[in-house]
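The structure under discussion appears below in the form of structure tokens.
Numbers here simply count residues along the sequence, with the first being 1. This is a predicted model, so every value here is computed, not measured. Below, all heavy atoms of this structure are taken into account, side chains as well, without hydrogens, waters or symmetry copies.
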Amino acid sequence: MKNFTVEADGATFDFNTMNIQRLQLFQVYVTHNGEKKRFHMQINDQGEFKITDPQSCPEEYHRTEDQLSKAIQIYGKP
């Protein structure tokens, strides 16, 4: 089940929450070079969502981390 979708840096990111009680962990899907990639973003002690597995996220999208974190805080509310 997809929670929400965000366009960032010319790509479409689909977010699925892993915790229905509160914002904590999301699976994020993006299509890169025709292939669907999945990575995770989890909240840290500062209240920001960070990519937990950078090797799973295409390198060119690492720079969108702050933008994706803000999108989770806006659109990811349970």
Quiz prompt | From CA spacing to verdict: side-chain contact (heavy atoms from CB on, under 4.5 Å), T31, K37 | solution = CA-CA 6 Å; T31 300; K37 301 286 186 177; over 6 Å; no
Exercise. Give the intermediate values and the outcome of side-chain contact (heavy atoms from CB on, under 4.5 Å) for residues F13 and L68.
Key: CA-CA 9 Å; F13 296 85; L68 297 177; 3.9 Å; yes
Quiz item: Taking it one step at a time, do I72 and M41 satisfy side-chain contact (heavy atoms from CB on, under 4.5 Å)?
Solution: CA-CA 9 Å; I72 290 171; M41 293 190 74; 4.2 Å; yes
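In this structure, the side chain of N19 engages the main chain of Q21 through a donor-acceptor pair within 3.5 Å. N44 contributes a side-chain N or O that, together with a main-chain N or O of G47, makes up a donor-acceptor pair within less than 3.5 Å. Of the possible donor and acceptor atoms, one in the side chain of S69 sits under 3.5 Å from a partner among the backbone N and O of F49. A distance-only check finds a donor-acceptor pair linking the side chain of H62 to the backbone of C57 [under 3.5 Å].
Taking 4.0 Å as the cut-off between side-chain N and carboxylate O, K50 and D66 count as a salt-bridged pair. Salt bridge status for R63 with E65: absent, with no side-chain N to carboxylate O gap under 4.0 Å.
Taking the six-membered ring for Trp and thresholds of 30 and 60 degrees, Y75 and F4 have ring planes inclined between 30 and 60 degrees apart.
Note: the hydrophobic cluster containing V6 does not contain L25 (ILVMFWY, side chain heavy atoms under 4.5 Å, direct or indirect links). Criterion: ILVMFWY side-chain heavy atoms under 4.5 Å apart, direct or through other members. Under it, I43 and I51 are part of a common hydrophobic cluster.
For the residue pair Q27/Y29, the side-chain donor-acceptor check at 3.5 Å is satisfied.
T5 is not listed as a side-chain neighbour of F15, based on a closest heavy-atom distance of 4.5 Å or more. In this structure, the side chains of M18 and Q42 stay at 4.5 Å or more apart for every pair of heavy atoms. Residues V30 and F39 have side chains in contact (heavy-atom distance under 4.5 Å, counting atoms from C-beta outward).
E7 pairs by the salt bridge (charged side-chain N to carboxylate O under 4.0 Å, His left out) definition with nothing, not counting sequence neighbours.
Distance CG/D14 to CG/N3: 10.0 Å, rounded to 0.5 Å.
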